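Okay, so here's the structure we're looking at.
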Amino acid sequence: MMTEIKRSMLGAPEPDKRQEYRIDEACTVFIELPSAEPDQSSEIVVTTSLDISANGLRVISHQPLLEGSILSTCIQQHHASGAVKKFFLVCEIKWCRPYDGNGEYLLGLSLFEAEGSNIADWKEFVASSLDSDSQARD
């Protein structure tokens with residue numbers, strides 16, 4: 001029951017379609033929006049993740065993003081030691097909805113296997129985080 005309440009409070013899609021275990025992890029996620037004009041630079045939207053999995057994540061954004069958009073991202077995970085891990089990935093905006101009524105948006109991102117991306121490193125990072133999380137609960 002609490003999971004259902006938490007999901008509805010956080011704006012998770014109902015019914016939950018994710019097949020993977022999620023890790024509560026606050027990473028900084030930079031999403032690159034390509035410019036409509038060739039002579040202008042891209043816009044970078046800075047978001048924060050609520051949770052992550054091997055093939056996707058949920059993030060909070062200050063602006064809505066177009067569902068179905070395929071975009072370049074950089075995910076930065078900050079370790080307590082001060083170290084920062086960076087993952088350059090390609091994602092699709094699966095869904096976008098208002099979050100908490102304060103002008104923010106909750107986005108569902110699906111990650112793609114893409115040449116030149118760090119998807120293998122990302123999946124390894126998530127797997128090791130899952131191992132650490134399960135050991136912490138034991």
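Note: hydrogens, waters and symmetry copies are ignored here, and every other heavy atom, side chains too, is used. This chain uses plain numbering: 1 for the first residue, then up along the sequence. Bear in mind the structure is a predicted one, so any value in this text is a computation, not a measurement.
- A salt bridge links Glu113 and Lys123; the closest N-O separation between the charged side-chain nitrogens and carboxylate oxygens is under 4.0 Å.
- Take Ser42 and apply the side-chain hydrogen bond (donor to acceptor under 3.5 Å, both in side chains) test, not counting sequence neighbours, and it matches Glu32.
- Put simply, CG on Asp24 and CG on Asp51 are 6.0 Å apart, with the number rounded to the nearest 0.5 Å.
- Heavy atoms only, all atoms of each residue included: Lys94 and Ser110 are closest at CG-CB, 3.5 Å.
- Within the 4.5 Å cutoff, side-chain heavy atoms of Cys74 are placed close to those of Phe88.
- Taking every heavy atom of both residues into account, Glu92 and Gly68 meet most closely at OE2-CA, 3.7 Å.
- When atom types are taken as modelled, the side chain of Ser69 and the backbone of Leu71 share no donor-acceptor pair closer than 3.5 angstrom.
- Under the 4.5 Å side-chain criterion, counting only non-hydrogen atoms from C-beta, Ile31 is in contact with Leu109.
- Proximity of Leu106 to Trp95: side-chain heavy atoms (C-beta onward) are separated by under 4.5 Å at one or more points.
- Put simply, CD on Glu25 and CD1 on Ile75 are 10.5 Å apart, with the number rounded to the nearest 0.5 Å.
- The side-chain heavy atoms of Ile70 and Val90, taken from C-beta on, include a pair separated by under 4.5 Å.
- Smallest separation of non-hydrogen atoms from Ser35 and Gln40: OG-CB, 3.2 Å.
- With Ser61 contributing its side chain and Gln63 its backbone, the two residues share a donor-acceptor pair below 3.5 Å.
- Annotation for Ala114 and Ser117: closest pair O-OG, 2.8 Å, computed over non-hydrogen atoms.
- For the pair Lys85 and His79, the minimum side-chain heavy-atom distance is 4.5 Å or more.
- Side chains of Leu107 and Leu57 form no contact here, defined as non-hydrogen atoms less than 4.5 Å apart.
- Defined by atom type and a distance below 3.5 Å, a donor-acceptor pair is missing between the side-chain atoms of Lys86 and Asn118.
- Counting heavy atoms of neighbouring residues, nucleotides and ligands inside a 6.0 Å radius, atom NE2 of His62 does not exceed 12 of them.
- Note on ring orientation: taking the six-membered ring where Trp is involved, the planes of Phe87 and Trp122 are perpendicular (angle over 60°, cut-offs 30° and 60°).
- Between atom CZ of residue Arg58 and atom CZ of residue Arg22 there is a gap of 5.0 Å, rounded to the nearest 0.5 Å.
- Distance alone, capped at 3.5 Å, is enough to place a donor-acceptor pair between the Asn102 side chain and the Glu104 backbone.
- At a threshold of 4.5 Å between non-hydrogen side-chain atoms, the residues Phe30 and Thr73 do not count as touching.
- The line from OG1 of Thr48 to CD1 of Ile60 is 6.5 Å long, rounded to the nearest 0.5 Å.
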Can you list the steps and then say if Arg97 with Tyr105 is a side chain to side chain contact (heavy atoms under 4.5 Å, CB included)?
CA-CA 5 Å; Arg97 61 181 46 116; Tyr105 296 86; over 6 Å; no
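- With hydrophobic clusters built from ILVMFWY side chains whose heavy atoms lie under 4.5 angstrom apart, Tyr21 shares a cluster with Ile119.
- In this structure, Leu33 CG and Leu66 CG are separated by 10.0 Å, a value rounded to the nearest 0.5 Å.
- A donor-acceptor contact shorter than 3.5 Å is absent between the side chain of Ser49 and the backbone of Ile52.
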